[in-house]
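Data block below; observations after.
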There are 2 protein chains.
Amino acid sequence: MTRREPRSACPIATTLDMVGDRWTMVIMRDLICGKKRFSQFLASPERITTNVLTDRLAAMEEDGLVIRRSYQERPKRYEYVLTEKGEALLPVLQDICRWANRYMPDTWTPPDHFMRKRTGGGDASS
Amino acid sequence: MTRREPRSACPIATTLDMVGDRWTMVIMRDLICGKKRFSQFLASPERITTNVLTDRLAAMEEDGLVIRRSYQERPKRYEYVLTEKGEALLPVLQDICRWANRYMPDTWTPPDHFMRKRTGGGDASS
DNA sequence: CGGGATCCTAGTGGATACTG
DNA sequence: CAGTATCCACTAGGATCCCG
């Protein structure tokens with residue numbers, strides 16, 4: 001498993017040191033619509049390999065972004081779900097989509113229910 | 001100079017293929033408050049090296065995220081500024097800051113004028 | 001099905017010295 | 001000042017095969 005140490009106390013640099021690698025945010029995208037299994041990630045169009053997927057999921061679990069549930073079945077089954085901390089990154093993903101749809105015309109427009117979705121703890125200030 | 005080809009037509013994956021490396025968003029952070037010179041980036045706490053900085057700035061210029069202005073002086077002087085396309089990523093940086101300040105307590109709180117700043121073309125729909 | 005074990009590449013980053 | 005030019009190290013990421 002591979003994680004990065006924060007380079008500074010800057011919120012942007014620190015966040016990027018956690019989720020700013022080549023795959024973490026793509027995995028989170030797959031998890032927005034709910035739980036997913038190992039083989040379902042592999043089916044995404046970006047074609048992540050088993051090796052990297054294992055590595056990223058383990059790091060994300062340790063960082064508290066996802067939870068891995070195991071079921072006692074035959075053959076064994078696992079499911080990955082976003083934690084609240086992970087879900088709270090949804091606005092970032094939505095902003096990225098808006099930006100891409102404006103400046104990179106060859107990208108899909110995400111489904112409406114994704115762009116309208118709201119995460120639980122908006123801003124608890126005051 | 002190093003750029004990545006998009007892995008898919010997904011807006012998230014495509015955007016990450018452009019700005020999702022270890023340095024691009026950190027450089028953009030430095031540019032939010034206005035123009036910067038080469039040596040000013042080097043002074044940031046994350047300690048980027050000249051080699052990597054040159055590489056990233058060139059890629060960002062080719063991607064239309066920054067403009068490099070040169071002045072005919074002695075010694076020669078250059079300035080880097082965000083384009084409108086680059087500035088439009090500001091909401092992403094702000095969301096990242098909000099997220100970090102909530103879930104990664106050891107990070108700074110950015111100055112208020114940064115979090116309140118708005119980019120020109122909000123959403124021109126309807 | 002959900003990985004682990006291996007081995008390998010190439011992208012990323014770093015140190016140092018030099019130049020227009 | 002603002003880079004180039006080398007050379008080098010590390011590791012994220014990939015290919016392939018194997019296993020409980």
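Quick note: numbers below take in every heavy atom, side chains included, and nothing from hydrogens, waters or symmetry partners. To find a chain, count down the sequence lines: A is the first, B the second, and so on, and within it residues start at 1.
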Using whole Å, what does the distance between atom [atom2] of nucleotide [N] and atom [atom1] of [X] come to?
{"X": "A:Glu46", "N": "D:dG14", "atom1": "CD", "atom2": "P", "answer": "11 Å"}
{"X": "A:Asp55", "N": "D:dT11", "atom1": "CG", "atom2": "P", "answer": "13 Å"}
{"X": "B:Lys36", "N": "D:dA2", "atom1": "NZ", "atom2": "C1'", "answer": "17 Å"}
{"X": "A:Met25", "N": "D:dG13", "atom1": "CE", "atom2": "C1'", "answer": "18 Å"}
{"X": "B:Arg22", "N": "C:dT12", "atom1": "CZ", "atom2": "C1'", "answer": "9 Å"}
{"X": "B:Arg7", "N": "C:dG11", "atom1": "CZ", "atom2": "C1'", "answer": "14 Å"}
{"X": "A:Leu53", "N": "D:dA15", "atom1": "CG", "atom2": "C1'", "answer": "15 Å"}
{"X": "A:Leu42", "N": "D:dA15", "atom1": "CG", "atom2": "C1'", "answer": "14 Å"}

Under 4.0 Å: is that the gap between some side-chain N or O of [X] and OP1 or OP2 of [N]?
{"X": "A:Thr54", "N": "C:dG3", "result": "no"}
{"X": "B:Thr2", "N": "C:dG11", "result": "no"}
{"X": "B:Trp23", "N": "C:dT12", "result": "no"}
{"X": "A:Arg77", "N": "C:dG2", "result": "no"}
{"X": "A:Arg37", "N": "C:dG2", "result": "yes"}

Among [options], which nucleotide has an atom closest to any side-chain atom of [X]?
{"X": "B:Thr49", "options": "C:dG14, C:dG2, D:dG14", "answer": "C:dG14"}
{"X": "A:Arg56", "options": "D:dG13, D:dG3, C:dG3", "answer": "D:dG13"}
{"X": "A:Tyr78", "options": "C:dC1, C:dG2, D:dA2", "answer": "C:dG2"}
{"X": "A:Arg68", "options": "C:dG2, C:dA15, C:dG4", "answer": "C:dG2"}

Can you tell whether the side chains of [X] and [Y] come within less than 4.0 Å, N to carboxylate O?
{"X": "A:Arg77", "Y": "A:Glu79", "result": "yes"}
{"X": "A:Arg22", "Y": "B:Asp17", "result": "yes"}
{"X": "B:Glu87", "Y": "B:Arg118", "result": "no"}

Would you kindly compare A:Asn51 and A:Leu57 by the position of their nearest DNA chain C nucleotide and give the one closer to the 5′ end?
-> A:Leu57
For A:Lys76 and for A:Arg4, locate the closest nucleotide of DNA chain D by heavy-atom distance; then report the residue assigned to the nucleotide nearer the 5' terminus.
-> A:Arg4
Does one side chain, of B:Asp21 or B:Thr24, offer a donor that lies under 3.5 Å from an acceptor on the other?
->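 The answer is yes; a qualifying pair exists.
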Pair B:Gln40-B:Tyr80, side-chain donor/acceptor within less than 3.5 Å | no
Base, sugar-phosphate or nothing for [X]? Non-hydrogen atoms, less than 4.0 Å.
{"X": "B:Asp21", "answer": "nothing"}
{"X": "B:Thr50", "answer": "base"}
{"X": "B:Tyr80", "answer": "sugar-phosphate"}

Which atom names give the shortest non-hydrogen contact between B:Glu46 and B:Val26, and what distance separates them?
->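 Of all heavy-atom pairs spanning B:Glu46 and B:Val26, the closest is OE1-CG1, 3.9 Å.
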